Each structure stands twice: as C-alpha cells, then as structure tokens.
Amino acid sequence: MSINQNKILISGGAGFLGSHLTERLLREGNDVLVVDNFFTGNKQNLVHLMSNPKLEIMRHDVTFPLYVEVNQIYNLACPASPVHYQYDPVQTTKTSVHGAINMLGLAKRTRARILQASTSEVYGDPEVHPQPEGYWGRVNPIGIRSCYDEGKRCAETLFFDYFRQHQTDIKVVRIFNTYGPRMHPNDGRVVSNFIVQALQGKDITIYGDGSQTRSFCYVDDLIDAMARMMATETGFTGPVNIGNPTEFTMLELAQLVLKLSGSKSKIVYQPLPSDDPKQRQPNIDLAKAKLGWTPKVSLEDGLRETISYFSKLLNV
Ligand code: NAD
Ligand code: UDP
Ligand code: UDP
C-alpha cells in the first residue's frame, strides 16, 4: 500500500455484503485489504476483482489480534444467517465480541476510523414499530438467536466505550434485511431460500403462517449508505438504521418470487423457529437527514437481479 492513499481494511470482505463493498471501494481507487476466515464467505465472491493490484486478501480470524497499518476499517466479519450463526454459536459470540475488541484496538493504535456493521437484530422481537434508533429492543438473552443478537449488542457497547474512553473515531450502522447477488445459496435466509426453491421447482418453505414481516433492502442501496456513513463528520457516531422501509409479509414475498421467476413451485408451511421476530421495519429518518440517503431499488427490481444471478449460478 502506498503513502497518501486511503488504506481500507474490510473484515468479512469475502462475504455477501463485504464483496460488494470491496468492489465499490476499489472502483473509487482505494487500497483495500480484505481480512476473512472464509467461514461463510469465499474467494469466488472476489475473483472478478483479483487482477486489481490495489486488492489484498488475507486469511485471518478476527478473534485473534491483527497488526496492520490502515486508516479506515469496516468491521463486517460475522456470519449473518441464522443457519450459519447457530452452527457454532460460541464462535459467533467470539467473532462479534473478541473481533470488535481486536478491530477497535487496531483502530485505536492506528487512529483509523472504524465502522461497525450492526444489525436490526439488536431490536429483537420489537414492541415499537417501525424501529427508531432510540428504541432499546426486546432481545432474549438465552435463546438460539442470542449468540448473534447479544454479540452484536455487546459489540455496539464496545464501540461506544472506545469512543468515550479512547476517543476512537467510530461509526455504527444497524443493517436491516439485505439481499442481492452473491448471497450464499444455502445460507437459509428467506430471499435466497425462496429463489433457489423457485428456480429448482422445489416447494417454497414458509415458516409459520407467513404473516410475519420483513423490510428488504437491495445490496447496492445498502452499500451506498455504508460508504456515506463512513464519510460523515467526525463525532457523528450513529447508530443509524439503514434498510428499506417498505414492509412485506413472507407470504407476499413468496408470491412475488413465484411470479417473477415464472415458477410452478407450491408453497408449503413449516414450523416457525423460536424467537423469530414477528415484524421488522426501519425508521430511516436519521439516515435521510444525516446521510442524505434513501433506498432507490424496489423489491421487484432487486428480486429480478437476484433471480438472474441465482439462475446463472445454478445453471437453471
Ligand atoms: P456473510 O456471512 O456473507 O459475510 C460474513 C463474512 O465474515 C464472511 O465472509 C465470513 O467468512 C466472515 N467471517 C465470519 N467469521 C469471521 C471471523 N471470525 N474472522 C474473519 N472473518 C469472519 O454475511 P453478510 O450478509 O455479508 O453480512 C456481513 C455483515 O453485515 C455481518 O456482520 C452481519 O452481521 C451484518 N448484517 C448483515 C445483514 C444482511 O441482511 N445481510 C443484516 C444485518 C447485519
Ligand atoms: N490489537 C490488535 N491490533 C492492534 C492493536 C491492538 O489486534 O494493532 C488487539 C490487542 O491484541 C488487544 C485488543 O486489540 O487485545 C485491544 O487493544 P487495546 O489497545 O484497546 O487494549 P490492550 O492492548 O490494552 O488490551
Ligand atoms: N423464513 C421462511 N422460510 C425460509 C427462511 C426464512 O419463512 O425458508 C422466514 C423466517 O422465519 C423469518 C423471515 O423469513 O420470519 C426472515 O428470515 P431470515 O432468516 O432471512 O432473516 P431474519 O429472521 O434474520 O430477519
């Protein structure tokens, strides 16, 4: 990496969101160091960028210390889908908590600005709707989602303590459900599940009665908001919600995927996993005001792009 240029570390850069962020930051001419243990991400997500000499990829687990010289850090390392984060829940908490400590220690030493990819899961199963940043959430501390939810909550605590105690230049975004190309086809998240099932002519699995809601943001919109947050004035820490406030039931999502893919798959109903939030919609007033941002891509347009990606990937 050369002098006088942005040297940006992206932990989790080989994952779904991380690979899109890497692509954008390289396009802007930055030096990017991707740090990833390839648990849920893979090099395939970055292969189209590998000829760019400004990209460096390092196999490393963020639960261990890392000494490199950078001036910006995006901390994305953490499995995000319930199937993956529940596979080794202790490692999930370690990744969020020890990973945050190591990345914050690195930011403190190098005086780098550091952005945390937090999550709407910090609101748990909310009794305030839509969720503003001031809402403290309703999270079960001992359930099967807790390794992720509480890990991410503790990471936010660490970010704000490094800010108060060491004046670390922090930024925290709370990401709501995001989808798009390069989601892992088997990661169990609802958009990838429904699309893969529809394309393969398999049953569409709705958990519960399909009346629970989510608000889905297309990846390009999300990455734009993250980059804007990183560029805000020093002292503006967030947390800031980023996501698309248009809310859909899972039944509506299933019907839309069937329509857009032209699939003949039938819908089947399976048991609802425990602690599954009933509704989720971001209040994005703060993002609009501070980032000058609103999502632009409709669910229908975003699903078309995503269906086309999976159709090539699965060769169907
Ligand atoms: P992903 O699983 O595709 O990416 C996570 C990346 O982190 C993977 O490349 C994985 O290999 C890597 N990783 C996991 N543990 C690691 C460790 N210990 N050390 C180094 N690397 C490690 O998930 P994603 O959807 O791209 O999510 C990225 C970030 O955004 C996560 O922190 C997630 O919690 C957050 N987020 C995502 C969403 C969403 O809807 N996609 C919503 C809220 C928050
Ligand atoms: N750390 C790191 N890279 C650095 C600086 C620190 O990985 O460049 C790790 C370090 O191992 C430590 C953690 O970050 O465990 C927290 O660092 P901090 O300086 O806040 O705490 P301390 O070293 O005093 O425990
Ligand atoms: N879901 C579903 N069928 C699936 C996968 C998920 O009905 O095949 C439901 C899940 O129970 C939840 C919603 O879709 O209510 C979103 O699930 P996802 O795992 O994508 O995200 P999260 O629950 O973390 O928001």
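Note that ligands are numbered from 1 as they come in the structure, with each ligand's atoms numbered from 1 the same way. Note that the structure is predicted; figures quoted are calculated from it, not measured.
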Taking Asp224 first and then Arg228, would you say they form a salt bridge - that is, a charged N and a carboxylate O separated by under 4.0 Å?
yes
With a 4.0 Å cut-off on heavy atoms, is Pro82 in contact with ligand 3? yes
- Query: Okay, side chain of Ser265, backbone of Lys202: is any donor-acceptor separation there less than 3.5 Å?
  - Reply: yes
For atom 5 (C) of ligand 3, the closest protein heavy atom turns out to be Tyr207 CE1, 3.3 Å
When distances are taken from atom 4 (O) of ligand 1, the protein heavy atom at minimum range is Gly15 CA, 3.5 Å
Logged contact type for Ser118 with ligand 1, heavy-atom cut-off 4.0 Å, is backbone
**Prompt:** Taking both backbone and side-chain atoms of Ile175, is any N or O found less than 3.5 Å from an N or O belonging to ligand 1?
**Reply:** no
* Asked: Does even one non-hydrogen atom of Gln270 get within less than 4.0 Å of ligand 3?
  -> no
_If you measure every N or O of Pro79 against every N or O of ligand 1, does any of those distances drop under 3.5 Å?_
no
Counting heavy atoms under 4.0 Å, the part of His84 that contacts ligand 1 is neither
(Q) Tell me whether Asn42 contacts the main-chain N or O of Asn45 through its side chain, where contact means a donor paired with an acceptor under 3.5 Å. (A) yes
| message | Between Lys278 and Asp125 (salt bridge meaning N to carboxylate O under 4.0 Å), is one present in this structure? | response | yes
Quick look: Asn177 vs ligand 1, heavy-atom contacts under 4.0 Å, and the answer is backbone
Residue, atom and distance of the protein heavy atom nearest atom 1 (P) of ligand 1 read Thr40 OG1, 3.6 Å
of all protein heavy atoms, closest to atom 36 (N) of ligand 1 is Tyr148 OH, 3.9 Å
Atom 6 (C) of ligand 1: of Gly12, Ser11, Gly13, the nearest heavy atom sits on Gly12
In short, Val257 meets Ala198 closest at the heavy-atom pair CG1-CB, 3.8 Å
shortest atom 37 (C) of ligand 1-to-protein heavy-atom contact is with Leu17 CD1, 3.7 Å
Check contact between Arg280 and ligand 3, using heavy atoms of the residue and a distance below 4.0 angstrom.
yes
For Phe16 and His20: C-alpha separation, side-chain torsions, deciding distance, then whether ring pair (Phe, Tyr, Trp, His ring centres under 6.0 Å) applies. CA-CA 7 Å; Phe16 161 50; His20 286 272; 5.8 Å; yes
Could you check whether Glu121 pairs with Arg280 (Lys NZ or Arg NE/NH1/NH2 to Asp/Glu carboxylate O, under 4.0 Å)?
yes
Logged contact type for Asp276 with ligand 3, heavy-atom cut-off 4.0 Å, is side chain
Output for pair (Thr119 OG1, Tyr148 OH), nearest 0.5 Å, gives 4.0 Å
Purely on distance, is any nitrogen or oxygen of Lys152 under 3.5 Å from one on ligand 1?
yes
Per-atom filter on ligand 3: closer than 4.0 angstrom to a heavy atom of Ile206 are 7 (O)
Original post:
Counting N and O atoms only, with roles assigned by atom type, does the side chain of Lys171 sit under 3.5 Å from a partner on the main chain of Phe236, one being a donor and the other an acceptor?
Top reply: yes
Logged contact type for Asn193 with ligand 3, heavy-atom cut-off 4.0 Å, is side chain
- Lys/Arg N to Asp/Glu carboxylate O, Glu156 vs Lys152, below 4.0 Å: no
Looking at Val34, Asn37, Ile242, the heavy atom closest to atom 16 (C) of ligand 1 belongs to Asn37
Is atom 24 (O) of ligand 2 near the protein, in the sense that some protein heavy atom lies at less than 4.0 Å from it?
no
Atom 11 (O) of ligand 1: of Asn75, Leu222, Asp36, the nearest heavy atom sits on Asp36
Ligand 2 to Lys108, heavy atom cutoff 4.0 Å, flagged ligand atoms 18 (P), 19 (O), 20 (O)
The reported gap from CZ in Phe160 to CD1 in Ile170 (rounded to nearest 0.5 angstrom) is 4.0 Å
Note: ligand 2 atoms sitting under 4.0 Å from heavy atoms of Ile101 are 13 (C), 14 (O), 16 (C)
Can you confirm, on distance only, whether ligand 1 has an N/O atom lying under 3.5 Å from any N/O atom belonging to Ala77? no
Checking heavy-atom distances from atom 41 (N) of ligand 1 to each of Gln116, Gln91, Arg189, His60, the winner is Arg189
Checking heavy atoms under 4.0 Å, the part of Met250 that sits near ligand 3 is side chain
So for Lys94 against ligand 1, with non-hydrogen atoms under 4.0 Å, the contacting part is neither
At under 4.0 Å between heavy atoms, what of Glu121 touches ligand 1? The answer is neither
Among non-hydrogen protein atoms, atom 20 (O) of ligand 3 lies closest to Val190 N, 2.8 Å
Within the 4.0 Å heavy-atom cut-off, what His166 brings close to ligand 2 is neither
Out of Leu46, Leu76, Thr178, the nearest non-hydrogen contact to atom 28 (C) of ligand 1 is supplied by Leu76
Within 45° of the ring axis of Phe38 and under 6.0 Å from its six-membered ring centre, is that where the NZ or CZ of Lys43 lies? yes
Practice task
Verify the contact flag for atom 17 (O) of ligand 2, where contact means a protein heavy atom under 4.0 Å away.
Solution key: yes
In this structure, OG1 of Thr168 is separated from OH of Tyr162 (nearest 0.5 Å) by 7.5 Å
Ligand 1 contacted by Arg182 (non-hydrogen, < 4.0 Å): no
of all protein heavy atoms, closest to atom 22 (P) of ligand 3 is Arg145 NH2, 3.5 Å
closest protein heavy atom to atom 3 (O) of ligand 1 is Phe16 N, 2.9 Å
Checklist line | atom 11 (O) of ligand 2 touched by protein (heavy atom, under 4.0 Å) | finding: yes
Using a plain distance cutoff, I'd like to know if Thr95 has any nitrogen or oxygen under 3.5 Å from a nitrogen or oxygen of ligand 1. yes
Ligand 2 atoms nearer than 4.0 angstrom to some heavy atom of Tyr162 are 16 (C), 17 (O), 18 (P), 20 (O)
ask   = Charged N to carboxylate O under 4.0 angstrom, Lys54 versus Asp31?
value = no
Ion pair check, Arg214 and Asp276, cut-off under 4.0 Å: yes
The protein heavy atom nearest to atom 23 (O) of ligand 1 is Ala80 CB, 3.5 Å
Of all protein heavy atoms, the one nearest atom 15 (O) of ligand 2 is Asn102 OD1, 3.9 Å
Heavy-atom proximity to atom 5 (C) of ligand 1 ranks first, among Gly180, Gly41, Cys78, for Cys78
heavy-atom search around atom 19 (N) of ligand 1 in the protein gives Val62 N, 3.0 Å
Answer yes or no for Gly208: is there a heavy-atom contact with ligand 3 below 4.0 Å? no
Checking heavy atoms under 4.0 Å, the part of Asn177 that sits near ligand 3 is side chain
- prompt: Does an N or O from Pro65, backbone or side chain, lie closer than 3.5 Å to an N or O of ligand 2?
  reply: no
